[in-house]
There are 2 protein chains.
Amino acid sequence: MIGDRIKELREKKGLTLTELADLAGVSKSYLSHIERKLQNNPSLQMLSKISVPLETKVQYLLTDQQAPKEDVFDEEWMALLHKAIEDGMSKEDFVRLSERIRMQ
Amino acid sequence: MIGDRIKELREKKGLTLTELADLAGVSKSYLSHIERKLQNNPSLQMLSKISVPLETKVQYLLTDQQAPKEDVFDEEWMALLHKAIEDGMSKEDFVRLSERIRMQ
DNA sequence: CTTTTTTGTTTTTTATAACGAACATAAGAA
DNA sequence: TTCTTATGTTCGTTATAAAAAACAAAAAAG
């Protein structure tokens, strides 16, 4: 549910509800309602505003963290992989290092 | 913009505006407004309803029409990443790992 | 051709998202 | 202790998302 996701990201950033509301330019009353799921139908613009101080994208607000298997390759993963490849990571590099990390 | 995206997917599926509205359970008047961008602030529930007959996800409605993810990376990359994730690699792990590769 | 049905648009109305202000509660400072 | 100050909640209102209905234009059927 979107309310849980927002609260989770907000607290991960160490922001209070009031702080996030101010930074995002939305009312804290409504943010409170959303987080407690008294309302759970925010608009795109609302989500877009909130995503800025949370330093994320609207899409990521919608992905729940216990992603089902088919959802493993969400947009965020794709972005990360894309950037790594651009930075010069080869498949061999990846295999080598990921195995080493797994072993330790 | 979301209206263009919806119209694009609707037409790709060969659906009329009225058909999509009926299938999704939303009013055609509002759908018309959204597609023509007279309104461009739909709610999550609205997008969720529309995503069903369009056979897509809300997240994908929000992504602009770049190449779908399957086309960006090849099968081998997908398999490698999939395996690594199954072995417990988190996004944070991946970022650390790719930074190390970049540094070497 | 005329009539009917399909398409999307415009208008009007209703429901509710979202706001601002008042409020409660607790934590910290005096 | 009492007085602020920071936090989130509840209340009352406003703005607007979304529906329903009426409409226009075209396409298809007769």
Side-chain angles (χ1 to χ4, degrees), chain A residues 1-68 71 74-76, chain B residues 1-66 68 92:
Chain A
M1 180 82 59
I2 185 69
D4 294 318
R5 186 93 179 104
I6 290 173
K7 185 170 188 182
E8 174 201 341
L9 290 172
R10 172 174 70 77
E11 291 178 339
K12 193 174 286 179
K13 275 213 144 323
L15 292 172
T16 68
L17 190 149
T18 306
E19 283 171 340
L20 177 56
D22 288 346
L23 288 170
V26 305
S27 71
K28 60 179 180 175
S29 56
Y30 185 56
L31 186 56
S32 168
H33 279 233
I34 290 289
E35 285 198 355
R36 288 178 301 142
K37 292 170 263 181
L38 304 183
Q39 266 151 304
N40 66 328
N41 192 25
S43 70
L44 259 192
Q45 281 172 23
M46 162 77 178
L47 294 176
S48 180
K49 283 186 190 171
I50 284 183
S51 72
V52 176
L54 289 180
E55 296 180 278
T56 184
K57 294 180 185 173
V58 176
Q59 289 121 292
Y60 304 162
L61 284 180
L62 303 179
T63 68
D64 27 50
Q65 56 282 35
Q66 69 278 16
D71 277 357
D74 62 20
E75 292 293 328
E76 199 171 3
Chain B
M1 179 84 52
I2 185 71
D4 294 318
R5 188 89 181 103
I6 290 173
K7 184 169 188 181
E8 176 201 340
L9 290 172
R10 172 173 72 77
E11 290 177 339
K12 194 174 285 178
K13 275 212 146 320
L15 292 173
T16 67
L17 190 150
T18 306
E19 283 172 340
L20 177 56
D22 289 344
L23 287 171
V26 304
S27 71
K28 61 179 179 176
S29 56
Y30 185 56
L31 186 56
S32 168
H33 281 232
I34 290 290
E35 285 197 356
R36 287 178 301 143
K37 291 172 266 182
L38 304 182
Q39 266 152 301
N40 66 328
N41 191 26
S43 69
L44 259 192
Q45 282 171 23
M46 162 75 178
L47 294 176
S48 180
K49 283 185 191 172
I50 284 183
S51 70
V52 176
L54 289 179
E55 294 179 281
T56 185
K57 297 177 187 174
V58 175
Q59 288 122 290
Y60 192 53
L61 283 180
L62 304 178
T63 66
D64 6 72
Q65 55 284 28
Q66 297 140 3
E92 289 71 29

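Letters A, B, ... are given to chains in the order of the sequence lines, protein chains preceding strands, and every chain is numbered from 1. These numbers were taken from a predicted model, which means no experiment stands behind them.
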Interatomic distance where [atom1] belongs to [X] and [atom2] belongs to [N] [whole Å]:
| X | N | atom1 | atom2 | answer |
| --- | --- | --- | --- | --- |
| L31(A) | dT9(D) | CG | P | 9 Å |
| L23(B) | dT7(C) | CG | P | 12 Å |
| H33(A) | dG12(D) | NE2 | C1' | 11 Å |
| Q45(A) | dT16(D) | CD | C1' | 11 Å |
| N40(B) | dA18(D) | CG | P | 11 Å |
| E35(A) | dT10(D) | CD | C1' | 16 Å |
| M46(A) | dT16(D) | CE | P | 15 Å |
| K37(A) | dA17(C) | NZ | P | 16 Å |

Original post:
If you measure only the distance, is there a donor-acceptor pair under 3.5 Å linking the side chains of T18(B) and T16(B)?
Top reply: no

Does a side-chain N or O from [X] land closer than 4.0 Å to OP1 or OP2 of [N], or not?
| X | N | answer |
| --- | --- | --- |
| R10(B) | dT7(C) | no |
| R36(B) | dT10(C) | yes |
| T18(A) | dG8(D) | yes |
| S32(B) | dT9(C) | yes |
| S43(B) | dA18(D) | yes |

Subject >> Residues I50(A), I34(A); criterion side-chain contact (heavy atoms from CB on, under 4.5 Å); working and verdict >> reply: CA-CA 12 Å; I50(A) 284 183; I34(A) 290 289; 6.0 Å; no

Original post:
With respect to the side chain of S29(B), which nucleotide from dA20(D), dC19(C), dT9(C) is positioned closest?
Top reply: dA20(D)

Original post:
Among the nucleotides dA18(D), dT10(D), dT10(C), which one has an atom lying closest to any side-chain atom of L38(A)?
Top reply: dT10(D)

Original post:
Want to settle it: does Q39(B) or K28(B) sit nearer the 5' end of DNA chain D, counting the closest nucleotide to each?
Top reply: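 The answer here is Q39(B).
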
Original post:
What is the nucleic acid contact for T16(A), judged by heavy atoms within less than 4.0 Å: base, sugar-phosphate only, or nothing?
Top reply: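 The answer is sugar-phosphate, as T16(A) gets under 4.0 Å only of primed atoms, P, OP1 or OP2.
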
**OP:** Look at the side chain of R5(A) and the backbone N and O of Y60(A), then say whether any donor-acceptor pair between them is shorter than 3.5 Å.
**Re:**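 Between the backbone of Y60(A) and the side chain of R5(A) there is a qualifying donor-acceptor contact (under 3.5 Å).
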
Subject >> Under 3.5 Å: donor-acceptor pair, side chain of N41(A), backbone of Q45(B) >> reply: yes

**OP:** In plain terms, say whether K28(A) and D22(A) are close enough for a salt bridge, that is, a side-chain N and a carboxylate O under 4.0 Å apart.
**Re:**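 No, no charged N to carboxylate O under 4.0 Å.
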
